[in-house]
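All of these numbers come straight from a predicted model, not from anything done at the bench. Both backbone and side-chain heavy atoms feed into the values below; hydrogens, waters and symmetry mates do not. For ligands, and for the atoms within them, numbers begin at 1 and follow the listed sequence.
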Amino acid sequence: MKKAQVKATKLEDYVSPAFLVDHVDLTFFLKPEATKVHSKLKIRQNSDCKQSLFLDGDALRLDTVVIDGRVLGQDEYECGEFSLSIPDFPSEAILEIVTFIDPVHNTKLEGLYLSSGNFCTQCEAEGFRRITYYPDRPDVMATYTVTVHADQDSYPVLLSNGNLIDQGVEEDGSHWAKWDDPFPKPSYLFALVAGDLACCEDSFKTRSGQDVTLKIFVEHGNEDKCAYAMDSLIRSMKWDEERFGLEYDLDIFNIVAVSDFNMGAMENKSLNIFNSKCILASPDTATDFEFERIEAIVAHEYFHNWTGNRVTCRDWFQLSLKEGLTVYRDQEFSADMRSAPVKRIQDVRTLRARQFPEDAGPLSHPIRPESYIEINNFYTSTVYEKGGEVIRMMAELLGKDGFRKGLDLYFERHDNQAVTCDDFVAAMEDANGANLKHFRLWYSQAGTPEVEANWSYDAQEKTFTLTLDQFTAPTPGQDVKQPLLIPFTVGLIGQNGAALPLKLEGENGDKQTTKRTLQFDQDHQIFTFVDVNELPVPSLNRNFSAPIKLSTKYTTGDLAFLMGHDKDAFSRWDAAQTYASRLMLKMVKSVQEGGVAEFDSQYADILAINIADKSLDPAFLAQMLGLPSIDYVTEQMEVADFAAVEKVRSVFKAGIAKALYGQFKELYLAGKEAAAYSPDSDSAGRRALCNTALGYLSVIENDPACLKLVVDQFEAADNMTDRMAALSLLADIPGEEREKALKAFESRYADNTLVMDKWFAVQATSTISNALEEVKKLLTHSAFSYKNPNKVRALIGAFSGANPARFHAEGGEGYRFLADSIIHLNGINPQVASKILAPLGSWRRMNATHQKMMKAELQRILDTEDLSNDVYEIASKSLV
Ligand code: B3K
Ligand code: ZN
């Protein structure tokens, strides 16, 4: 295999930098094909022994190297493909380097590149080395001064981090701006933008009275789509002050939205750069889900100013230090802005859909990985979402105030430093006098713990005994697992639905708590509750207190009871998920054994009770009515059969629809009476319920009245949420209406590239049998481009990642299509190529025929000439 020479970076090999940089002075002369970068670094030695100065570089053309004013000869340094090293570097010196780069041909979108003709940057994790030679590692923190020269007509807006301190115009038609960032930062937080952009402006007064100018820059014509992002930013700033006492620290905060971006957004100090998808929204172009996502991502990036920028990571193995913590913070923010239980349910859905499979597959890694080939491959659901869960568990164990004390101490100790996950946990411990030694295992142990809960009730003794067993299956490189400290929140529910008191055996006093978090930290542990006066139904892992897979001996009666009575909204919803999956798996089994898939109408009866309960929040009810995904159900099978689950799920859905036809019609019509569109949480919840009801009605076969409801909604909708909801239902119903709607949508939004992404995705995820053929045709559509990550994700990513039954089609054509796409993208944008590879790695869960086909495609990818490290790492790990 040609890639044998690739070297992994290991956490255990970490050594502190030999040289530090105190100040960086950069001057850019921007030209699309040959930008000149003059870098002036104030460098000092950081170790006692004399060493060479080693600088990272990638795709740079070196012009000059100067030390303290003296130009070096070519024999005084070594310039390799990815480095520049200077032997015998003085203990302190000013190093100047001039390089040239080629932004217009930078299709990797890392470093400095052009998006719709505007210059922009992406440096995390290792993009700065594609701008100039530098010790490109997060533990080298420096202050920056940046001067940007560019043609004034083409690039009237010139931005970088920090404050604008000077600007001017030259006689040759160019102009310049000088920016100064007083906060020391690692190179990955550097940013530069130059372009012809429109600006929306607002302001914020911090708690201590500082006025901050807020600006959002967008391509001309999009000025009317910034209001929600701006409002989200202001609410985030306020929330962070109130919840965590964290204030913004400069007079200016800029956001720039660009069309070509590898991910959602980037938290560069005071100059956040966003994928336009995560900024632009209007009722006519964005769905409620997108409004909510914009709010969360704007908040997430803003929150990084403290958790990530002021205190950053020592090395990339510590990525979860900033990402897990910031995910937790943005989740808490959204929970406060919207319905907290619904937010929790959505977050768990995401965790189960993305992180659980990752942790159960070939790419499983701890939230603090120990080795990587390409760090960009580790911006994973594990590091982010499971990392967020680990922070949440700490907050649960220490309590809200304890967690706040820990965070305060963390900032007090580490402001302006690059630190480790251990430093974070130590601050939590020290601020609370707690011992989190055992808890730390969550950072180093991969895999999702499987917890089995058993119980018994002794009516005579009035005791309830809960027995918990935990097991974590081996993951690559970790054969033996230890028991984790799992905060396991429980409640006991009496027959009439009342919460019973929870008193553990041997406990003093009359604890009257009805909800408590058990510290479950052994392989096998027994908890005995006393004074339990009646046979209860236990409610377990409430609010998803730990990221585990729970198996219980609940009877269907218990599940039905919890679906109607559990006061913990998450557990109430989860009972529905468990119940529905169980029924569907039973149906699959019966089909596989040659029988028929029969719908058990008892499930519909319990949903009917929920629908009739007018005290339920519509957003929550919509979640209760939402069925577990095909992936979620299939994951519980020993050998995955996506086609069977898809079929059974649609029978199940149709069964509910028929049984509750009247209720759904009523819900739908009641929801439709709502007032004019507003993106707020309550209105969005009403729409979610209404569209869920429509979703059920749409699967009632041979009922033209139902189909008409969908078509009418599509045609009459005054907002994108309703229009898109109807379109995605129509996309699953072959026929004239489908084609008509897709055409109408296409011509209405032909000029809106973001909306066209939705049009691509809705076709890529359609359940119609020839979805792949359609996707292939769409590759030649004028709005599609392999160079734009959003387009690739909307069409290729959505097909392979969110249309499991078509992707795993019998003949293997889905696999071939994905491999072809990855091979093509490898030469354009390796980061995007490797991000869509994961579905091919799930071969172990398939039958032998599929396994063979999937492995062959992985091998074909590995045999590709000039394979990037990004793709090589994921493909090779997926194949073993
Ligand atoms: N920190 C960035 C992600 C960078 C990804 C680099 N491949 C956005 C975020 O997590 O906020
Ligand atoms: Zn982040």
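In summary, Glu332 and Lys343 do not engage in a salt bridge, as defined by a charged side-chain N under 4.0 Å from a carboxylate O. Salt bridge annotation for Arg129-Asp58: absent, with no cationic side-chain nitrogen under 4.0 angstrom from a carboxylate oxygen.
For the Zn ion (ligand 2), the nearest N, O or S atom contributed by His304 is named NE2.
Protein residues are said to neighbour a ligand when one of their heavy atoms lies under 4.0 Å from it; for ligand 1 these are Glu124, Met263, Ala265, Met266, Glu267, His300, Glu301, His304, Lys322, Glu323, Asn376, Tyr379, Tyr384, Gln831.
Looking at residues two or more places apart in sequence or on another chain, you find a side-chain hydrogen bond (donor to acceptor under 3.5 Å, both in side chains) between Glu385 and Ser381. The side-chain hydrogen bond (donor to acceptor under 3.5 Å, both in side chains) search around Asn416 returns none, not counting sequence neighbours.
The list of ring-ring contact (aromatic ring centres under 6.0 Å, His included) pairs with a residue in residues 319-340, not counting sequence neighbours, reads Trp239-Phe333, Phe303-Phe333, Tyr328-Phe403.
In this structure, Arg349 CZ and Phe544 CZ are separated by 13.0 Å, a value rounded to the nearest 0.5 Å.
Because the distance cut-off is set at 2.8 Å, Glu323 qualifies as a neighbour of the Zn ion (ligand 2) through one of its N, O or S atoms.
Cation-pi contact between Lys185 and Tyr144: present, with separation from the ring centre below 6.0 Å and deviation from the ring axis of at most 45°.
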